[in-house]
Amino acid sequence: MIDKETTYVKVNPDSPSSEGVREAGRILREGGLVAFPTETVYGLGASALNPRAVAEIFKAKGRPDDNPLIVHISDKNQVPDLTDEITVQTGRLMEAFWPGPLTIVLHKKPVVPDVVTAGLHTVAVRIPDHPVALEIIKAAGVPVAAPSANSSGKPSPTTAEHVLRDLEGKIDMIVDGGACRVGLESTVIDMTSEPPVILRPGGISREDIEGVLGHVETDINQVSSTGTPRSPGVKYKHYAPKAKVIVVTGDDYAKIFARIAELVSEYRSAAKRVGILASAEMARGYCADEVFPVGSRTRLETVAQNLFYGLRFLDGADVDVIIAEGYPETGIGSAIMNRLIKAAGGRVIYV
Ligand code: TXA
Ligand code: MG
């Protein structure tokens with residue numbers, strides 16, 4: 001499906017108010033599709049109140065229609081338009097983490113179309129912490145439904161160039177506001193159950209949420225006892241480059257290094273091109289076709305920031321296999337490992 005002229009505009013996050021942003025708002029209000037930067041990843045927006053526009057998002061991405069979308073707003077005052085129920089606990093979360101990389105699942109009002117929520121009785125809502133995203137949502141004057149702006153199944157886009165590569169000719173506009181700060185998606189928390197349940201680890205850590213709410217459950221399989229996925233997105237193939245991905249993880253970095261070095265020589269003697277997604281600390285020691293230093297073990301937020309970028313970079317370098325180092329599963333490390341394990345389709349080696 002290549003049938004649209006995709007307009008590309010750059011907007012400076014330091015002075016977001018611009019003709020480009022006003023045009024993006026107009027397109028959204030009139031039922032078009034606009035990709036825009038958020039602090040997590042680029043989103044592909046449509047008016048959340050326009051079912052036909054939202055249906056176009058699914059087409060452009062090739063997204064299964066039983067995977068609901070997050071509704072983005074620019075102000076807490078808009079929450080009552082979407083839900084009747086804001087508990088004290090939910091209010092605390094919004095106060096602590098909005099704007100920011102936390103998506104809150106709430107009971108939905110009938111005004112939210114079924115196509116947005118994939119027929120669920122709940123709606124996922126967040127206020128992004130990015131000046132360009134906020135200006136665009138304000139200019140649109142409507143809540144904006146937006147999944148990550150990648151082709152379904154690919155790593156999420158953290159630059160406008162990633163979006164162009166996946167969606168050029170399929171959407172009306174791309175707003176380039178530079179690289180995303182967080183680099184992986186928001187944490188999704190279901191506040192309709194007691195205790196609340198984290199459905200997807202992301203930019204806000206479980207530890208930070210528990211600092212506000214006390215104990216929360218984590219449902220990484222996101223399948224309820226009846227077998228229905230609570231967050232339908234998680235059952236699909238995700239974050240997958242063309243290359244085969246393998247994760248090597250454990251507590252001892254020297255062991256991770258040694259096992260990866262072994263794998264590299266095995267694959268290379270089988271005439272395969274190998275890329276490594278390496279921590280800055282270990283990157284120099286490897287001898288492979290491509291080594292991408294993703295970030296520092298002492299600052300895992302840098303690993304999160306460059307994770308999807310690195311996967312896409314190595315894919316672009318046409319390697320057959322990508323071997324990724326694993327990280328400790330605490331703080332943002334949980335979200336990093338969640339994405340890596342999905343990208344690997346479960347091919348994880350523990351050393
Ligand atoms: O950081 C992010 O969250 C980015 C930016 C653009 O905001 N968006 C994003 O959207 O990652 P997407 O569509 O790629 O992922 C949304 C996730 C999916 O796993 C989906 O199943 C879940 O949120 N979700 C959406 N609505 C839900 C609902 N009502 N109940 C449970 N899960 C929901
Ligand atoms: Mg996505």
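Both ligands and their constituent atoms are indexed starting at 1 by order of listing.
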Test item, T117 contacting ligand 1 (heavy atom, 4.0 angstrom): no
Contact partition for D190 relative to ligand 1, non-hydrogen atoms under 4.0 Å: neither
Sphere of radius 2.8 Å around the Mg ion (ligand 2) - protein N, O or S atoms inside: S148 OG
Side chain, backbone, both or neither: T40 near ligand 1, heavy atoms under 4.0 Å: side chain
Those atoms of ligand 1 less than 4.0 Å from some heavy atom in L120: 28 (C), 29 (N), 30 (N)
A124: numbered ligand 1 atoms lying under 4.0 Å from its heavy atoms: 25 (C), 26 (N), 27 (C), 29 (N)
R126-T38 side chain donor-acceptor pair, cut-off 3.5 Å: yes
Heavy-atom side-chain contact between F36 and V163 under 4.5 Å: no
Ligand-residue contact atoms, ligand 1 with I70, heavy atoms, under 4.0 Å: 3 (O), 8 (N), 9 (C), 10 (O), 16 (C)
Least distance between heavy atoms, T6 atom then L167 atom: OG1-O, 4.3 Å
R206/E210 salt bridge by N-O under 4.0 Å criterion: yes
Atoms in ligand 1 with a heavy atom of S148 nearer than 4.0 Å: 8 (N), 9 (C), 10 (O), 12 (P), 14 (O)
H72: numbered ligand 1 atoms lying under 4.0 Å from its heavy atoms: 5 (C), 6 (C), 7 (O)
Ligand 1 versus R63: contacting region, heavy-atom distance under 4.0 Å: side chain
NZ/NE/NH1/NH2 to OD/OE distance under 4.0 Å, D81 and K109: no
Among P68, S156, G119, closest by any non-hydrogen atom to atom 25 (C) of ligand 1: P68
W98-L213 co-clustered via ILVMFWY side chain contacts under 4.5 Å: yes
Distance-only N or O hit between ligand 1 and T122, under 3.5 Å: yes
Side-chain donor-acceptor contact under 3.5 Å, T40 with S186: no
Exceeds 12 heavy-atom contacts within 6.0 angstrom, atom CG of D251: no
Side-chain donor-acceptor contact under 3.5 Å, S156 with E185: yes
4.5 Å side-chain heavy-atom contact, V79 and L106: yes
N/O separation below 3.5 Å, Y42 to ligand 1: no
salt_bridge(E95, R92) N-O dist < 4.0 Å: no
Salt-bridge present (R165, D315; N to O < 4.0 Å): no
